[in-house]
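Here's the structure we're looking at; comments come further down.
Everything quoted here is computed from the prediction, not taken from an experiment.
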Amino acid sequence: MATCLVVANSLFRPPKPILPHKHHPLQPISSHSLPKSPLNSTFLKPHFSHSDSCRFRLIAPASLGETDASSDEPLPLVGEDSAAFDLGTQNIVSWVYFTIILGVVLFVLDVIWIDNSTGFGKAFIDAVSTLSDSHEIVMLALILIFATVHSGLASFRDMGEKLLGKRAYRVLFAGVSLPLAVSTVVYFINHRYNGVQLWQLQNGPGVHQLVWLSNFISFFFLYPSTFNLLEVAAVDQPKVHLWETGIMRITRHPQGSSHRTLSVPSSILPYCIPVVISLSFQMVGQVIWCLAHTIWIGNSVAVAASVGLIGHHLFGVWNGDRRLAVRHGEAFEVVKKRTSIIPFAAILDGRQKLPKDYYKEFIRLPYLAITAMTLGVYFLHPVMQAASFRLHW
């Protein structure tokens with residue numbers, strides 16, 4: 001197992017005239033120097049330069065995770081290129097199926113969970129509320145229930161896919177997680193100002209701008225699998241991806257889900273938007289989002305919600321790394337060495353070499369869609385709040 005690293009670029013003196021009786025044939029490379037399981041078929045790549053001197057660039061095999069601290073060139077990718085989206089390769093029929101499936105799932109969610117006249121959502125909230133008269137305790141209990149089910153089903157994914165199949169298990173995963181997420185988010189919206197006021201900074205100079213900018217930035221910390229919408233809806237076969245580019249160069253923390261808002265019934269759309277936010281963040285994005293909202297609201301309910309959500313995502317960091325290590329083995333260990341959980345840490349200590357055109361990994365359709373969605377969510381806050389209040393959860 002090896003990568004192609006430039007280990008020497010020696011400059012030699014001009015060669016002496018070659019005499020006929022001193023011709024030295026090239027010796028074959030010993031097979032012992034080649035790795036047993038190469039990542040690609042090219043291990044020796046001679047570089048010829050037409051100049052007065054002879055220069056040779058020797059490409060030698062190295063261990064999979066080895067880095068060259070003296071080189072500014074990024075290493076070849078072991079994982080996948082994230083947020084890549086080619087319109088030319090898209091199948092229109094698949095997107096039609098996706099739209100139909102999403103519409104049906106959200107309609108069923110509205111009938112069996114959200115609508116108070118037919119669903120079980122209000123009964124669930126009432127049952128959890130009997131645990132305590134404290135909104136903080138109920139908030140933490142809702143997050144704990146969701147986190148246990150969500151992370152538990154994710155942990156048993158390999159076993160579940162063997163028993164049910166990948167698509168069926170994805171439907172089960174979403175069908176159980178989504179109602180619990182809706183309940184948790186709606187309860188937070190309805191009771192976010194019911195706690196003990198700890199501080200009041202909303203009228204402070206620059207606070208609104210700081211909170212808005214923090215929330216905007218947090219949306220760019222979505223896990224790249226969020227963009228694989230056809231896999232999320234099980235139109236394409238779901239996979240456990242090993243991403244390495246884009247936001248993963250800045251921070252590695254596998255935790256996230258996905259969303260889409262095409263052909264969503266208008267009665268359910270306001271509830272799904274905040275649920276999309278809570279499910280899609282990676283750990284760092286969730287921390288930024290929680291801190292911004294806690295600073296703005298400034299009470300005990302916001303603190304309780306932030307503690308619960310951040311705790312869930314910290315567990316997700318460990319659990320996600322564990323699952324990727326089981327699924328991808330040594331390839332994940334390589335990506336792990338090149339990346340960091342703390343943002344920019346791997347870049348600062350030289351383990352992550354950014355390409356010169358790194359910014360192009362963000363100039364892609366999924367990130368343009370995220371930018372539009374972020375602005376849309378900001379302006380739709382009053383709609384989301386009004387829709388949550390009508391449920392009386």
Linked, directly or transitively: V171 and L229 (ILVMFWY side chains, under 4.5 Å): no
Closest heavy-atom contact between Q197 and W199? NE2-O, 2.7 Å
In terms of ring plane angle, is the pair W212 and Y378 parallel, tilted or perpendicular, where the classes change at 30° and 60°? perpendicular
Linking I/L/V/M/F/W/Y whenever any side-chain heavy atoms sit under 4.5 Å apart, do V105 and L172 land together? yes
Are any non-hydrogen side-chain atoms of E244 and V78 less than 4.5 angstrom apart? yes
Walk me through it: do L324 and V240 pass the test side-chain contact (heavy atoms from CB on, under 4.5 Å)? CA-CA 8 Å; L324 286 175; V240 179; 3.6 Å; yes
For the pair N215 (side chain) and V211 (backbone), establish whether a donor and an acceptor sit closer than 3.5 Å, ignoring hydrogens and angles. yes
Closest heavy-atom contact between R338 and P76? NH1-O, 2.8 Å
Considering residues, nucleotides and ligands other than F120, do more than 12 of their heavy atoms fall under 6.0 Å from its CZ? no
May I ask whether I112 and L106 are part of the same hydrophobic cluster, defined by side-chain heavy atoms of I, L, V, M, F, W, Y residues being less than 4.5 angstrom apart, directly or through others? yes
Contact summary for D86 and Q90, nearest pair of heavy atoms: O-NE2, 3.2 Å
Side-chain contact test, heavy atoms from C-beta onward, threshold under 4.5 Å: evaluate it for W95 versus L230 and give yes or no. yes
Restricting to non-hydrogen atoms, name the atom on R167 and the atom on A234 that form the minimum distance, rounded to 0.1 Å. NE-O, 2.9 Å
Using ring centroids (six-membered ring only for Trp), state whether F124 and W113 fall under 6.0 Å. yes
Using only heavy-atom distances, determine whether the side chains of H241 and E231 contain a donor-acceptor pair under 3.5 Å. yes
Steps toward side-chain contact (heavy atoms from CB on, under 4.5 Å) verdict (F332, R252): CA-CA 11 Å; F332 170 70; R252 181 199 78 257; 4.2 Å; yes
Side-chain (W393) to main-chain (S388) donor-acceptor, under 3.5 angstrom: no
Keeping R323 on the side-chain end and A154 on the backbone end, is there a donor-acceptor pair under 3.5 Å? yes
The reported gap from CD in Q352 to OG1 in T251 (rounded to nearest 0.5 angstrom) is 11.5 Å
Minimal non-hydrogen separation, A83 against R364, with atom names: O-CD, 3.3 Å
Donor-acceptor pair, side chain of T294 and main chain of L291, under 3.5 angstrom: no
Kindly indicate whether the side chain of R327, heavy atoms from C-beta on, has any atom under 4.5 Å from the side chain of L242. no
Just wondering, are more than 12 heavy atoms of other shown residues or ligands nearer than 6.0 Å to OH in Y97? no
Are any non-hydrogen side-chain atoms of R322 and S155 less than 4.5 angstrom apart? yes
Q202 (side chain) donor-acceptor with H208 (main chain) under 3.5 angstrom: no
Rounded to the nearest 0.5 Å, how far apart are CG of L153 and CE of M159? 12.0 Å
Using side-chain heavy atoms (C-beta onward) and a distance below 4.5 Å, is T371 in contact with F219? no
L375 vs F216, test: side-chain contact (heavy atoms from CB on, under 4.5 Å). Steps then yes/no. CA-CA 8 Å; L375 297 174; F216 184 83; 4.2 Å; yes
Look at atom CZ of F156 and say whether more than 12 heavy atoms of other residues, nucleotides or ligands are closer to it than 6.0 Å. no
Hey, does the side chain of S214 reach the backbone of I288 with a donor-acceptor pair shorter than 3.5 angstrom? no
Counting heavy atoms not belonging to I363, are there more than 12 under 6.0 Å from its CD1? yes
In this structure, CG of N190 is separated from CZ of R390 (nearest 0.5 Å) by 11.0 Å
Side-chain (S183) to main-chain (P179) donor-acceptor, under 3.5 angstrom: yes
Report yes or no: do L314 and I342 belong to one cluster of Ile/Leu/Val/Met/Phe/Trp/Tyr joined by side chain heavy-atom distances under 4.5 Å? no
Considering all heavy atoms of both residues, which atom of R192 and which atom of I297 are nearest to each other, and what is their separation? O-CG2, 3.4 Å
Take N228 and K239 through the test side-chain contact (heavy atoms from CB on, under 4.5 Å) and record every step on the way to the result. CA-CA 10 Å; N228 288 23; K239 303 174 183 177; over 6 Å; no
How about D133: does its CG atom have over 12 heavy atoms from other parts shown lying under 6.0 Å from it? no
Just so I know, are the side chains of L365 and F227 near enough to count as touching, which here means a heavy-atom distance under 4.5 Å? no
Using a distance-only test with no angle check, is there a side-chain donor-acceptor pair under 3.5 angstrom linking D236 and S94? no
With side-chain contact (heavy atoms from CB on, under 4.5 Å) as the test, pick out the partner of L142 among I125, V185, L131. I125
Enter the distance from K122:NZ to S129:OG here, rounded to the nearest 0.5 Å. 8.5 Å
For a quick check under 3.5 Å, do H293 and S306 share a side-chain donor-acceptor pair by atom type? no
Specify whether F362 and Y367 have parallel, tilted or perpendicular ring planes, treating 30° as the upper limit for parallel and 60° as the lower limit for perpendicular. tilted
Would you confirm whether H253, through its side chain, and G316, through its main-chain N or O, come within 3.5 Å as a donor-acceptor pair? no
Take a 6.0 Å sphere around CG of N203 and say whether it holds more than 12 heavy atoms from other residues, nucleotides or ligands. no
Between the main-chain N or O of T339 and the side-chain N or O of R351, is there a donor-acceptor pair closer than 3.5 Å? yes
Gap separating the CG atom of L391 from the CG atom of N116, nearest 0.5 angstrom: 5.5 Å
Once you round to the nearest 0.5 Å, how far does NE2 of H150 lie from CD1 of I143? 13.0 Å
Does V196 offer a backbone N or O that forms a donor-acceptor pair with the side chain of S300 under 3.5 Å? yes
Side-chain heavy atoms under 4.5 angstrom apart, residues restricted to Ile, Leu, Val, Met, Phe, Trp, Tyr: same cluster for L180 and L144? no
CA sep, side-chain torsions, deciding dist, call: D158, K162, salt bridge (Lys or Arg N to Asp or Glu O under 4.0 Å): CA-CA 6 Å; D158 291 341; K162 291 179 181 178; over 6 Å; no
Heavy-atom side-chain proximity of F344 to I250 below 4.5 angstrom: yes
Are side-chain heavy atoms of R157 and P238 found at a separation under 4.5 Å? yes
Partner of E136 by side-chain contact (heavy atoms from CB on, under 4.5 Å), out of V303, V307, V301, N299: V301
